[in-house]
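Quick notes on the structure that follows.
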Number of protein chains: 2
Amino acid sequence: MYGDGVDTREQLIESARELLWERGYVGTSPKAIQQRAGAGQGSMYHHFRGKPDLALAAIRRSADEMRARAEAEFAGTGTALDRITAYLGRERAALRGCPVGRLTQDPDVMADPELRAPVEETFTRVTEQLAALVAEGSANGELDPRLDPVATATALVAVLQGGYVLARAAGSADVYARAVDGALGLLAPHVRKEG
Amino acid sequence: MYGDGVDTREQLIESARELLWERGYVGTSPKAIQQRAGAGQGSMYHHFRGKPDLALAAIRRSADEMRARAEAEFAGTGTALDRITAYLGRERAALRGCPVGRLTQDPDVMADPELRAPVEETFTRVTEQLAALVAEGSANGELDPRLDPVATATALVAVLQGGYVLARAAGSADVYARAVDGALGLLAPHVRKEG
DNA sequence: GTCTATAGAGCGATAGAC
DNA sequence: GTCTATCGCTCTATAGAC
């Protein structure tokens with residue numbers, strides 16, 4: 001009685017997320033979202049005030065998802081370095097890019113404070129929490145104590161975001177993996193890689 | 001006799017470069033380019049076959065410019081580490097993002113092999129040359145010899161590209177500077193920063 | 001070489017029937 | 001809640017005068 005099983009509103013948000021990821025805000029039309037969702041014009045404008053309103057719901061969900069996943073890894077088991085390594089080394093769809101970082105290149109998203117807020121907050125928090133882990137690793141002797149935790153964490157998050165860029169430029173996910181390897185090599189040169 | 005002083009074709013390319021940088025390919029219309037260039041519809045379609053053709057000229061120029069600048073810095077004076085540091089630390093318009101890396105997020109650019117080629121080649125060559133500098137620094141004792149040159153160079157280029165992303169997300173160029181600082185700290189922990 | 005006029009398609013949104 | 005019809009606008013491109 002609550003919802004029809006397959007909720008139309010839900011389908012619209014998920015379709016918007018996919019298209020925002022693939023084509024960005026400017027490249028995504030309401031019509032394209034409706035078609036992917038299997039919904040009509042009327043449905044979309046019943047559930048949402050317009051394109052920005054639907055995009056906001058989609059962006060918030062993607063941002064929340066990204067943050068939650070990072071936080072789970074940061075709070076996992078193992079030493080600080082273990083958890084940093086797990087976060088950096090997690091498998092990602094390199095050629096698709098980051099669904100949140102991508103929005104940073106969308107002029108209309110950045111121009112709208114409401115659309116932009118989830119993006120800003122996500123990266124701020126992930127960086128902060130990673131910095132705390134770097135500080136922990138420095139304190140317990142796993143990492144070089146001369147490292148600045150915040151600057152180091154910022155660089156590490158940047159490697160991931162830049163890794164997506166380079167992978168897409170090269171048309172190869174290998175480049176993303178190489179960037180991560182390079183970052184891990186810089187962070188923990190004393191840890192030998194297998195192979 | 002060759003050209004009218006202010007060349008219309010030239011104005012169109014430069015206007016396209018600016019708009020591609022600010023709004024991307026999908027977000028840039030031929031009309032907008034014409035208006036910024038102070039040229040009419042007819043002029044643009046006289047000098048170029050259409051939007052993709054003009055974009056190709058603009059993308060090639062931006063890519064060449066980026067490569068030339070990096071190569072000049074790589075070939076500069078000082079030790080390998082000096083030149084790496086100069087390249088990483090060069091002042092960049094962090095909030096504007098990278099005019100070449102940006103194109104990586106444009107589905108229509110990535111889908112067209114001709115438009116995409118200059119982007120791919122630029123990052124490939126910059127990374128290769130930076131890797132050679134890392135190898136040189138490892139060999140002469142400036143850098144940890146355990147570093148993998150290619151992976152390290154990839155990570156460093158990724159820090160720059162990701163730094164743009166994080167700076168735009170935060171709305172602050174400081175974040176870009178922080179990412180670069182973090183990368184330099186990882187690369188050369190023995191070098192103390194002033195401050 | 002540049003202009004204006006025009007075209008067909010898609011954009012984002014609204015109206016009103018059901 | 002969802003549908004179809006319609007709106008005014010912009011998109012990218014072509015035609016043809018000057």
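Here the structure is a predicted model, which is why all the values come from computation and not from measurement. Residue numbers start from 1 in every chain, and the chains themselves are labelled A, B, ... in the order their sequence lines are given, proteins ahead of strands.
Residues passing the ring-ring contact (aromatic ring centres under 6.0 Å, His included) test with Tyr164(B), sequence neighbours excluded: Tyr176(B). Looking at residues two or more places apart in sequence or on another chain, you find no salt bridge (charged side-chain N to carboxylate O under 4.0 Å, His left out) involving Glu114(B). Partners of Tyr25(A) by ring-ring contact (aromatic ring centres under 6.0 Å, His included), not counting sequence neighbours: none found. Residues that satisfy the ring-ring contact (aromatic ring centres under 6.0 Å, His included) test with Tyr45(A), not counting sequence neighbours, are absent from this structure.
Rounded to whole Å, atom C1' of dC3(C) lies 12 Å from atom CD of Gln34(B). Atoms NE2 (His47(B)) and P (dC3(C)) sit 10 Å apart, rounded to a whole Å. Spacing between atom NZ of Lys31(A) and atom P of dC9(D) amounts to 20 Å, rounded to whole angstrom units. The distance from atom CD of Gln35(A) to atom P of dG12(C) is 12 Å, rounded to the nearest whole Å. Whole-Å rounding puts the Arg9(A) CZ to dT2(D) C1' distance at 16 Å. Between the CD1 atom of Ile33(A) and the C1' atom of dA13(C) there is a distance of 14 Å, given to the nearest Å.
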Identify each atom pair where a protein N or O and an N or O of nucleotides 13-15 of chain D are less than 3.5 Å apart, giving names and distance.
unit_1	atom_1	unit_2	atom_2	d
dA13(D)	OP2	Tyr45(B)	OH	3.1
dA13(D)	OP2	Lys51(B)	N	2.9
dA13(D)	N7	Gln41(B)	NE2	3.3
dA13(D)	N6	Gln41(B)	NE2	2.5

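Using a 4.5 Å cut-off on side-chain heavy atoms (C-beta onward), Ile13(A) and Phe48(A) make contact.
In terms of phosphate contacts, Thr8(A) brings no side-chain nitrogen or oxygen within less than 4.0 Å of OP1 or OP2 of dG1(D). Applying the 4.0 Å criterion to OP1 and OP2 of dG1(D), one finds that Ser43(A) has every side-chain N and O outside that range.
Considering only the side chain of His46(A), dG1(D) comes nearest among dC11(C), dG1(C), dG1(D).
Within the structure, side chain to side chain donor-acceptor pair (under 3.5 Å) pairs that include any residue of residues 132-145 of chain B comprise Thr79(B)-Glu142(B), Arg83(B)-Glu136(B), Asn140(B)-Glu142(B), Asp144(B)-Arg146(B) (at least two apart or interchain).
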